[in-house]
Student: 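My structure is below; once you've seen it, I'll send some questions.
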Amino acid sequence: MADHYEVLGVGREATTDEIKKAYRRLARELHPDVNPGADASERFKLVTHAYDVLSDPQQRQQYDLGPQTGFGGGGGANFGGFGDIFETFFGGGTSRGPRSRRERGQDALVRVEVDLDEIIFGTTRDVEVDTAVLCETCNGSCCAPGTQPVTCDICRGSGQIQRAVRSLLGNVMTSSPCGTCRGYGTVIPNPCPTCQGQGRVRARRTIPVDIPAGVDTGLRLQLPSQGEVGPAGGPNGDLYLEIKVRHHDVFSRNGDDLLATLEVQMTDAILGTRTVLKTLDGEVAVDIKPGTQSAEVITLKDRGVTRLRGNGRGDLKIGVQVTTPSKLSHKEQDLIKQFAGSHRSAPPTLTHFQQGLFQKLRDRFLNI
């Protein structure tokens, strides 16, 4: 293929203004409206492509330097890329062709909030996602209905432009993506009006998702092929759901165990009682044994969170907090005095420092 500088009739040291002037002069001379001949039309395409490359500083620099992918000898033999070199010496090798418009879509991330009671046994959610979906008008072809891509006139469908570059070792054949078709080998003269030639559009859709039991905040669930559809109807990326468990006013979580605090009146702690508690998965009867002290822990087996990886459930651990009434009637005070008089207890005295209730509960919850 002819050198771009030769096509425009300028030297390699030409400035941007000189290249622009040369292009305008040739465009006025070869434009199909002025010169309808077939040869003029072909030259006009070459001139336009040459100007597109040389007018862009980055493309021009790449064109001038050329990738170091081959070498030529003094005997006139020209070599292409490394693949051509290997083919010459070792045989085999593959030729470079146009790249596909179809590409894999990007992954998508959606954050989902769930309640603590939903993660005990798992739940199902309808998740709304705003992603790229296949264009229904062109079905991913990127073309307007009734049309199709046409072969690029510049690279003849190869997607590559080859040119000879002089070097100390001789002529070197270099290859770069075609600037007209961007390496696809085809152009789309009539893009789809719905997706503007992308083969995909933005849309909101609803996906039913099974959230397994035992998930926790920060965990990500992967849904293969539920993400963005790729350009030109390429395969979908993946969808990731990042879980956030909402705060609960009564229960908190420690691994697969659930933690809660039970307030017990002083009289019930002394005499003992039986009560029914509402847990996250139903009611359960709990016995408060006589003489229960603050910071004792009542463990209800298999009333915690279902294990995400494994069988069974954790436990529900209930820390006891004995509450002392702050206001008593005269009759109640008399009864307490009678009890104190009949119960010989040691007077208040100093002893070793003990940590607070909540610290003791924490230590017992965590088996410290």
Side-chain angles (χ1 to χ4, degrees), residues 1-72 76 78-81 84 95-101 142-144 147-193 196-198 231-232:
M1 179 166 289
D3 184 85
H4 289 337
Y5 291 99
E6 295 178 0
V7 170
L8 293 178
V10 297
R12 291 186 172 274
E13 297 79 15
T15 65
T16 303
D17 290 339
E18 290 174 343
I19 292 175
K20 184 181 297 184
K21 290 179 181 178
Y23 169 70
R24 288 178 177 176
R25 175 178 56 80
L26 292 172
R28 286 194 297 267
E29 176 186 343
L30 301 173
H31 195 278
D33 293 340
V34 178
N35 194 339
D39 293 340
S41 177
E42 188 69 21
R43 286 190 59 197
F44 179 74
K45 293 177 182 178
L46 293 176
V47 167
T48 301
H49 176 64
Y51 175 72
D52 288 340
V53 174
L54 298 183
S55 62
D56 184 282
Q58 185 175 0
Q59 291 192 52
R60 182 179 180 181
Q61 182 181 16
Q62 181 181 359
Y63 180 81
D64 289 339
L65 295 177
Q68 302 301 314
T69 57
F71 62 90
N78 294 326
F79 297 86
D84 296 330
S95 59
R96 190 181 306 175
R99 66 189 184 101
S100 174
R101 295 181 186 274
C142 305
C143 301
T147 66
Q148 59 185 2
V150 297
T151 302
C152 176
D153 293 334
I154 302 301
C155 65
R156 308 299 185 190
S158 67
Q160 303 291 321
I161 298 296
Q162 292 185 346
R163 62 186 179 89
V165 177
R166 297 176 181 176
S167 70
L168 296 176
L169 300 177
N171 290 336
V172 178
M173 291 300 296
T174 64
S175 178
S176 60
C178 175
T180 300
C181 65
R182 295 185 297 173
Y184 295 124
T186 59
V187 294
I188 300 177
N190 299 297
C192 173
Q196 286 74 50
Q198 297 297 314

Student: Do Thr186 and Arg101 have side chains that get closer than 4.5 Å, going by heavy atoms?
Tutor: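 A side-chain contact under 4.5 Å exists here.
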
Student: Looking at every heavy atom in both Cys143 and Ile188, which two are closest together, and how far apart are they?
Tutor: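 Distance-wise, the nearest heavy atoms are SG-CG2, 3.8 Å.
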
Student: Between SG of Cys178 and CD1 of Ile161, what distance do you get to the nearest 0.5 Å?
Tutor: 4.0 Å

Student: Specify whether His49 and His4 have parallel, tilted or perpendicular ring planes, treating 30° as the upper limit for parallel and 60° as the lower limit for perpendicular.
Tutor: perpendicular

Student: Side chains of Tyr5 and Arg60: is there a donor and an acceptor less than 3.5 Å apart?
Tutor: yes

Student: Report yes if the side chains of Arg12 and Asp3 come closer than 4.5 Å at any heavy-atom pair, otherwise no.
Tutor: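 Yes, close enough: below the 4.5 Å cut-off.
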
Student: Looking only at heavy atoms, what is the nearest atom pair of Cys155 and Gly185, with distance?
Tutor: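 In terms of heavy atoms, the two residues are closest at SG-CA, 4.1 Å.
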
Student: For the residue pair Gln160 and Pro177, establish whether any side-chain heavy-atom pair is separated by less than 4.5 Å.
Tutor: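 A side-chain contact exists here, since the closest heavy-atom pair is under 4.5 Å.
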
Student: Closest approach of Cys181 and Gly159, non-hydrogen atoms and distance?
Tutor: SG-CA, 4.2 Å

Student: Show the nearest heavy-atom pair for residues Ile154 and Leu46, with the distance to one decimal.
Tutor: CD1-N, 4.4 Å

Student: Assess whether atom CZ of Arg43 is packed by more than 12 heavy atoms of other residues, nucleotides or ligands within 6.0 Å.
Tutor: no

Student: Heavy-atom count check: over 12 atoms from other residues, nucleotides or ligands less than 6.0 Å from Arg182 CZ?
Tutor: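 No.
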
Student: How far does CG of Leu8 sit from CD of Glu6, to the nearest 0.5 angstrom?
Tutor: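 Spacing of CG (Leu8) from CD (Glu6) equals 10.5 Å.
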
Student: Can you give me the closest heavy-atom contact between Tyr51 and Ile19, atom names plus distance?
Tutor: CD1-CG2, 3.9 Å

Student: Could you check whether any side-chain heavy atom of Arg24 comes within less than 4.5 Å of a side-chain heavy atom of Lys20, counting everything from C-beta outward?
Tutor: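 A side-chain contact exists here, since the closest heavy-atom pair is under 4.5 Å.
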
Student: Please report the closest heavy-atom contact between Thr147 and Ala144, naming both atoms and the distance.
Tutor: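 Shortest heavy-atom contact: OG1-O, 2.6 Å.
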
